Amino acid sequence: MPELPEVETTCRGIAPHLLGQTFQQVKVYQPRLRWAIPEDFAEIITGQVVHSVQRRAKYILIQLDTGYLILHLGMSGSVRIVPTDDPLKKHDHVSLQFSATHCLRYHDPRRFGCLLWATGEIMQHPLLSKLGIEPLHDEFTGEYLQQRATKRQIAVKTFIMSQAVVVGVGNIYASEALFLAKIHPQRPANQVSAAEYNELVRHIRSVLRAAIEQGGTTLRDFTNSEGKAGYFQQTLQVYGRAGQPCVHCGQPIMQQVITQRSSFFCKQCQQ
DNA sequence: ACTGGCTCCTGAGGGC
DNA sequence: TGCCCTCAGGAGCCAG
């Protein structure tokens, strides 16, 4: 499940390989991703030079001569740099050869991800234009969250996972950050105080930063790796720990579905 | 303007 | 060992 740190790590990992290279051959093995890859996709991409690789939310944007590849990893997607003759693995859906020896492989068992072609002003794209702010940017403050939460009665966990508010806070980190900030995940968003939102922002940032740093340790052998997440290695304090003792008070961690998503919290520490 | 529910898909894990 | 069932999950989309 790629969360923002993993997408960032992926971005940093593939950029040095791709920059300045030309896509020489593109093969689509399975076009049916979240949105189908159009039939003329390979034809459009072939011959184009990579000018930049950037991230917006959990989207990876690869700028070519006449437009952008928009890549999303969904929850089971990954890309890897492999030798051209590397045998296809199950669920390798697209192969983009960018040099005489190497290609970029898109792999996604559950096919919740997407690979799109877009032209024009990229940030005006329907998938990008309504996105909220980046959690690691300076504009992401407690004040911002509280202001956006005005009149919002949805659970605060759902609120911070809303892409229109702040991007890239997935289910795991939402639970973790709320635990660290001592806020009950089901509290209505408009009933969280300014001080609490400040704490929440601080913890969202720190948990994402720590995960990116850990992801960075796998960058060295990125070409061999699946981009396996750093965050699984880090100690999660509540996520996936239902019934186990809270690291602070020892009470069993609760699990509850909030807006269709499993949520983990300590009912003693989080009010 | 908000909100909740639905949807895509496969693999993991539990029960037997 | 293997089969069947259930569930998880990002996030766009739509109906109420």
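The chains referred to below are lettered A, B, ... by the order of the sequence lines, with proteins before strands, and numbering in each begins at 1. Because the structure is predicted, anything quoted here is derived from the model rather than measured.
A salt bridge between Arg80(A) and Asp92(A) is present, with a side-chain N of the basic residue lying under 4.0 Å from a carboxylate O of the acidic one.
The aromatic rings of His93(A) and Tyr106(A) are tilted relative to each other, their planes meeting at an angle between 30° and 60°.
The phosphate of dA8(C) (OP1 or OP2) has a side-chain N or O of Ser262(A) nearer than 4.0 angstrom. OP1 or OP2 of dA11(C) lies within a sub-4.0 Å distance of a side-chain N or O belonging to His72(A). Dashed line: the shortest gap from a side-chain N or O of Lys58(A) to OP1 or OP2 of dA11(C) is under 4.0 Å. Residue Tyr59(A) places at least one side-chain N or O closer than 4.0 Å to OP1 or OP2 of dG12(C).
Across all strands shown, Arg32(A) has heavy atoms under 4.0 Å from sugar-phosphate atoms exclusively, and none from any base. In this structure, Arg34(A) reaches the bases: a heavy-atom distance under 4.0 Å links it to at least one base atom across the strands shown. Among the atoms of the strands shown, none is found under 4.0 Å from any heavy atom of Leu73(A). Nucleic acid contact for Gln153(A): sugar-phosphate only, since backbone atoms but no base atoms lie under 4.0 Å from a heavy atom of the residue.
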TODO: Given side chain to side chain donor-acceptor pair (under 3.5 Å), test Glu196(A) with Ser193(A) step by step and report yes or no.
DONE: CA-CA 5 Å; Glu196(A) 287 172 321; Ser193(A) 72; 3.3 Å; yes
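The nucleotide whose nearest atom lies closest to any side-chain atom of Leu127(A) is, among dC6(B), dG12(C), dG10(C), dG12(C).
Using a 5.5 Å limit on the distance between ring centres and a 30° limit on the angle between planes, the aromatic ring of Phe112(A) counts as stacked on the six-membered base ring of dG10(C).
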